[in-house]
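Whatever order the structure lists ligands and atoms in, that order sets their numbers, starting from 1. Being a predicted model, the structure only gives us computed values, none of them experimental.
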Amino acid sequence: MTHAVRLRDYTVSLGPLAESLPEALRELPYSKLFLLADSHTAALLPPFLDRLADARLVLEPGETHKNLHSCTQVWQAMLAAGLDREALALHLGGGVIGDLGGFCAATFKRGIRFVQVPTTLLAMTDAAIGGKLAVDFSGVKNIVGVFQNPAAVLADPAFLTTLPERELRSGFAEVIKHALIGDPALWATIRKLQTLDSRLDWQALLRASIRVKVRIVEEDPLEKGLRALLNFGHTIGHALEAYYLDSTEPLTHGEAVAIGMLTEYWIACGEDARFGELKEVIARFFPWRDLSSGAAPALWQLMQQDKKNAAGAVRMATPAAGIDTLRLRAIQESDLAHALDFYRALR
Ligand code: GLY
């Protein structure tokens with residue numbers, strides 16, 4: 001059964017793609033359908049969707065391909081397919097395909113409509129919703145992009161059974177974040193969870209998590225204020241992810257954000273009761289990572305590009321008392337260094 005979470009401009013459908021896609025396409029007449037996937041998600045392509053597509057492009061998978069070179073491939077394929085402004089792009093994949101495909105669609109001929117079909121937990125609960133579209137550039141994550149809402153988001157929890165456990169945990173960091181900042185009932189549920197597997201009621205977990213995201217992006221679509229709360233854990237998290245991206249042991253987005261949430265919360269609030277709960281939840285789902293001890297200066301350098309920075313100050317967003325309540329706080333390199341030392345001592 002499909003559930004709909006409605007936003008002002010579009011709907012997030014949560015249920016089998018075989019139900020939600022035909023319905024969405026009926027409501028979105030198009031001249032041509034352009035399908036974008038990566039070599040992993042192309043294998044998940046339902047035959048009925050493959051038959052519907054007038055043109056398709058399959059990219060290399062992974063964050064290292066979320067760049068302008070891949071955009072060039074997409075724009076070239078769109079040109080070769082003769083897409084006009086009534087064309088519809090459909091993105092089947094995780095955050096990389098959704099963000100990159102969305103950015104290409106939002107800029108091709110000054111914008112064609114696109115449908116996000118997220119296949120990972122991370123994309124279903126976060127990346128596909130809210131219209132943030134970007135690629136990485138010059139070693140900085142999500143630094144070139146636009147805001148543009150999709151025409152629809154079709155999230156099918158059945159795709160979650162295709163994910164390696166590490167990938168599922170990566171997306172779960174955003175569910176933890178949504179629960180902590182905006183849904184005490186979901187937070188209570190998460191605190192009781194012991195493992196992540198297909199026996200969980202993913203439809204219910206996703207619905208609650210998506211509702212937090214939707215409530216915040218509807219109130220502040222262009223991140224003038226409250227939306228920065230969704231960046232909790234991402235100031236340090238993004239820097240960690242970028243720092244380890246080309247290493248032999250890259251961190252997943254969620255692993256980096258989990259460390260980011262712990263360290264940012266600790267900087268902002270210290271070891272209060274909620275910190276204790278957060279530490280317990282994160283320790284259950286994310287392995288402790290041996291961060292290199294000399295990393296702080298390089299991480300600090302990466303944090304200079306954070307999009308929340310203002311007047312030369314690096315700022316991080318943490319939850320304050322009450323749900324949907326933002327505390328934006330400037331941090332210093334010494335805060336970062338102390339927090340990393342604190343994290344290292346948690347082993
Ligand atoms: N992923 C954070 C946001 O959409 O604002």
Side-chain angles (χ1 to χ4, degrees), residues 5 7-10 12 63 66 91 93-103 106 114 116 118-136 140-150 152-153 155 167 169-183 186 206 208-242 251-261 264-265 303 305-310 315-319 323-328:
V5 183
L7 290 85
R8 270 188 291 278
D9 294 349
Y10 60 101
V12 179
E63 184 74 31
K66 190 177 168 181
H91 307 138
V96 172
I97 286 295
D99 281 14
L100 183 144
F103 175 63
F114 58 95
Q116 304 289 42
T119 55
T120 63
L121 179 56
L122 179 65
M124 287 183 202
T125 197
D126 186 17
I129 302 162
K132 273 189 182 176
L133 311 166
V135 293
D136 306 340
V140 186
K141 270 185 64 72
N142 298 335
I143 203 67
V144 178
V146 294
F147 284 100
Q148 178 66 57
N149 280 327
V153 178
E167 200 54 53
R169 281 193 272 120
S170 177
F172 200 64
E174 303 292 355
V175 180
I176 292 172
K177 179 192 78 181
H178 288 160
L180 191 77
I181 65 176
D183 188 339
L186 180 59
L206 273 167
S209 177
I210 286 171
R211 281 200 177 125
V212 174
K213 169 115 199 203
V214 163
R215 202 168 63 225
I216 293 175
V217 298
E218 284 287 82
E219 179 162 338
D220 179 20
L222 300 180
E223 200 167 313
K224 303 286 187 206
L226 179 64
R227 186 167 180 170
L229 186 54
L230 293 172
N231 234 261
F232 169 45
H234 288 64
T235 308
I236 295 176
H238 270 161
L240 283 168
E241 191 182 358
L251 287 166
T252 64
H253 178 72
E255 286 163 354
V257 168
I259 300 171
M261 286 194 285
E264 291 179 21
Y265 192 99
M303 285 160 63
Q305 301 301 340
D306 191 284
K307 294 183 282 303
K308 296 182 298 306
N309 295 353
R315 300 192 305 170
M316 58 172 201
T318 48
I323 62 169
D324 296 0
T325 317
L326 167 70
R327 179 198 306 225
L328 209 48

Might you work through the salt bridge (charged side-chain N to carboxylate O under 4.0 Å, His left out) test for Asp306 and Arg315, ending with a clear yes or no?
CA-CA 8 Å; Asp306 191 284; Arg315 300 192 305 170; over 6 Å; no
Under 3.5 Å, which donor-acceptor pairs link side chains of residues 228-240 to any protein atom two or more places apart or in another chain?
{"from": "Asn231", "atom 1": "OD1", "to": "Lys308", "atom 2": "NZ", "distance (Å)": "2.8"}
{"from": "His234", "atom 1": "ND1", "to": "Phe232", "atom 2": "O", "distance (Å)": "2.9"}
{"from": "His234", "atom 1": "NE2", "to": "Glu174", "atom 2": "OE2", "distance (Å)": "3.0"}
{"from": "His234", "atom 1": "NE2", "to": "His253", "atom 2": "NE2", "distance (Å)": "3.3"}
{"from": "Thr235", "atom 1": "OG1", "to": "Lys308", "atom 2": "NZ", "distance (Å)": "2.9"}

Closest approach of Met124 and Ile129, non-hydrogen atoms and distance?
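In this case the closest contact between Met124 and Ile129 is O-CD1, 3.3 Å.
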Could you report the tightest heavy-atom contact between Ala128 and Val153, atom names first, then the distance?
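Closest approach of Ala128 to Val153: O-CG2, 3.4 Å.
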pair Ile323-Ile181: side-chain heavy atoms closer than 4.5 Å
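The answer is no; the side chains never approach within 4.5 Å.
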Test your reading of the model: is there a side-chain donor-acceptor pair from Asp136 to the backbone of Asn142, 3.5 Å cut-off?
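Pair found, side chain donor or acceptor close to backbone of Asn142.
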Dump the pairs for me: ligand 1 N or O, protein N or O, distance under 3.5 Å, to 0.1 Å.
{"from": "ligand 1", "atom 1": "1 (N)", "to": "Asp126", "atom 2": "OD1", "distance (Å)": "3.0"}
{"from": "ligand 1", "atom 1": "1 (N)", "to": "Asp126", "atom 2": "OD2", "distance (Å)": "3.3"}
{"from": "ligand 1", "atom 1": "4 (O)", "to": "Lys213", "atom 2": "NZ", "distance (Å)": "2.6"}
{"from": "ligand 1", "atom 1": "4 (O)", "to": "Arg227", "atom 2": "NH2", "distance (Å)": "2.8"}
{"from": "ligand 1", "atom 1": "5 (O)", "to": "Lys132", "atom 2": "NZ", "distance (Å)": "2.9"}
{"from": "ligand 1", "atom 1": "5 (O)", "to": "Arg227", "atom 2": "NE", "distance (Å)": "2.8"}
{"from": "ligand 1", "atom 1": "5 (O)", "to": "Arg227", "atom 2": "NH2", "distance (Å)": "3.4"}

